[in-house]
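Heads up: the structure comes next, in structure tokens.
The chains referred to below are lettered A, B, ... by the order of the sequence lines, with proteins before strands, and numbering in each begins at 1.
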Number of protein chains: 2
Amino acid sequence: MNESEKIPIPSLRRLSAYLRQLEVLSASEVTHVSSRQLANYSKVGDATIRRDLTLFGKFGQRGVGYEVDDLISTLRVILGTQRRWGVVLVGAGALGRALMRYSGFDQRGFKIIAAFDNDPKKIGTNLGDIPIHSLDELESVIDFTAARIAILTTPSQHAQEMATRLTAAGIEGILDFATPSLEVPPESYVTYVDITAHLEELTFQVSGNHP
Amino acid sequence: MNESEKIPIPSLRRLSAYLRQLEVLSASEVTHVSSRQLANYSKVGDATIRRDLTLFGKFGQRGVGYEVDDLISTLRVILGTQRRWGVVLVGAGALGRALMRYSGFDQRGFKIIAAFDNDPKKIGTNLGDIPIHSLDELESVIDFTAARIAILTTPSQHAQEMATRLTAAGIEGILDFATPSLEVPPESYVTYVDITAHLEELTFQVSGNHP
DNA sequence: GTATGTGAAGTTATTCACAGCG
DNA sequence: CGCTGTGAATAACTTCACATAC
């Protein structure tokens, strides 16, 4: 995939942050918010917020601001989460199991519907209501559930093989915790999360070994 | 903190990725690598790699490239991970416990040395060799261990209070899984990881609701 | 008065392209 | 010759500042 009609990735990522803040405001019965107010809740400038939003349309009212619940709906439509997404998870180790137990996905439109592992002790069991399957069933379960998104939490040695099988089986987006720079077909999309890289960012800032 | 001597954050984050790749190459007994080769392993151009590295010094040899193990050491010095960092973890829920079990930190220079939770059933127990303390002991344990980095995996309602206490107790860097835009004193540093935001990035790309 | 949406300006980051060194 | 290091050029992103709308 990708062409994405020229949406800058930084802008796209900020949309999720705006959505979080708006959900908090909505829960506090706030009905309207200006870009200035929204900017107060983050490190982003008000002009950036307005520009980000106008990449997708005109959602504000001059002199008033944005209607909170409307903007939430709009952002969900843009991000594709006004509908529910079934997600499969490959690798039911410590991190995979933690994600399977994480309750926050539900309210954000995601549901882990199946997990896969190669440990015979886990295969056939459930964690909560999520069944853990053998890797042999990867393709058939993806086909049956029509899942399009996968979370990859295997050891890094197996990550590329799993990514190849996942995309061949119809998965279009992979959230990769396992290894940097997975090779996937051009019509699919990967985002990589490296927790140690974030810690390294902190130690760089904290230890100040700057030139 | 921060002034960071003008290191662009994107460059800084790529250093961690280079380090991962170099570690793989070193394990495969590769002794030298050119920026071009390194670029093949990621989506970054070779000129970007050279420019990133020269922000910190001149580490290559013309006509040859970079010596893999040397560059690994150099990057660790830059990132501050040639020494070992004790890290405290606040919130021993599913995600916190998964991170406590994660073995990859050790080889990257990090060690979770203590965890904190408010659940009486957890307090006083160990997970692996990591003791779980009462939150009452937060300040004293940070003081005793001289920890400077913390991982925050509490429910979001408690995150700000915990961040305030952590920084007051001497923590300088927080890896925040709990809530966006924590307020911290200017001499401390926060990096935020939002797993659902990454999933939203995928659903945006996959569902193609682009203008 | 207040706040959006947006050209224009400014800033930051990436890529080009090549001189210079091993 | 190959590959780094780097000015210069380009591209990407952010911020300014204001006309416009409510």
Side-chain angles (χ1 to χ4, degrees), chain A residues 2-18 21-22 25 30-68 70-72 74-75 78 181 201 204 210-211, chain B residues 2-18 21-22 25 30-68 70-72 74-75 78 181 201 204 210-211:
Chain A
N2 230 333
E3 189 53 62
S4 298
E5 304 288 349
K6 300 287 98 169
I7 301 301
I9 299 260
S11 296
L12 173 57
R13 293 189 173 156
R14 283 190 299 265
L15 295 188
S16 293
Y18 305 153
Q21 280 305 343
L22 290 165
L25 291 172
V30 177
T31 58
H32 290 84
V33 69
S34 68
S35 56
R36 179 86 71 96
Q37 293 173 297
L38 210 44
N40 276 339
Y41 300 121
S42 63
K43 294 115 266 195
V44 184
D46 57 333
T48 299
I49 294 177
R50 293 198 299 280
R51 174 120 11 231
D52 285 346
L53 294 175
T54 53
L55 291 168
F56 298 93
K58 300 177 187 182
F59 309 119
Q61 221 184 328
R62 290 172 196 238
V64 180
Y66 301 87
E67 209 279 291
V68 173
D70 276 2
L71 191 51
I72 289 174
T74 301
L75 288 174
I78 292 167
S181 46
E201 191 183 331
F204 173 82
H210 313 161
Chain B
N2 229 331
E3 192 52 63
S4 296
E5 304 288 349
K6 300 286 98 167
I7 300 302
I9 300 260
S11 296
L12 172 57
R13 294 192 171 155
R14 283 190 297 265
L15 295 187
S16 292
Y18 305 153
Q21 280 305 341
L22 289 164
L25 291 172
V30 177
T31 59
H32 289 84
V33 69
S34 69
S35 56
R36 178 86 70 95
Q37 293 172 298
L38 209 43
N40 276 339
Y41 299 121
S42 63
K43 295 116 266 199
V44 183
D46 57 332
T48 299
I49 294 177
R50 293 197 301 279
R51 170 108 30 219
D52 285 345
L53 293 175
T54 53
L55 290 168
F56 297 93
K58 300 178 188 182
F59 310 118
Q61 221 183 328
R62 290 173 196 240
V64 180
Y66 301 87
E67 209 279 289
V68 172
D70 276 3
L71 191 51
I72 288 174
T74 301
L75 288 174
I78 292 167
S181 45
E201 191 182 332
F204 173 81
H210 314 159

Walking DNA chain D from its 5' end, the first of A/Pro8 and B/Gly60 to be reached, judged by nearest nucleotide, is B/Gly60

Short side-chain N/O contact to C/dT6 OP1/OP2 from A/Lys58, under 4.0 Å = yes

Atom OH of A/Tyr66 to atom C1' of C/dT2: distance rounded to whole Å?
-> 13 Å

Think B/Thr48 has a side-chain N or O under 4.0 angstrom from the OP1 or OP2 of C/dT15?
-> yes

Could you state the atom-to-atom distance from CD of B/Gln61 to C1' of C/dC21 in whole Å?
-> 10 Å

Under-3.5 Å N/O pairs linking protein and nucleotides 16-19 of chain C:
from, atom 1, to, atom 2, distance (Å)
C/dA17, N6, B/Arg50, NH2, 3.3

A/Gln37 CD to C/dT2 C1', in whole Å, measures 11 Å

Roughly how many Å is it from CG in B/Leu55 to C1' in C/dT14, rounded to a whole number?
-> 12 Å

Does B/Glu201 reach the side chain of A/Leu12, with side-chain heavy atoms less than 4.5 Å apart?
-> yes

Does any non-hydrogen side-chain atom of A/Arg50 lie less than 4.5 Å from one of A/Tyr66?
-> yes

Pairs flagged by side-chain hydrogen bond (donor to acceptor under 3.5 Å, both in side chains) wherever residues 52-61 of chain A is involved - sequence neighbours left out = A/Ser11-A/Asp52, A/Arg14-A/Asp52, A/Tyr18-A/Asp52

Nearest-Å distance, CG (A/Asp52) to P (C/dG5)?
-> 12 Å

Roughly how many Å is it from CZ in A/Phe59 to P in C/dT6, rounded to a whole number?
-> 11 Å

Terminal contacting nucleotides, 5' and 3', DNA chain D versus chain B (heavy atom, 4.0 Å) | D/dG2 to D/dA8

Whole-Å gap separating C1' (C/dT6) and CD1 (A/Ile49) = 16 Å

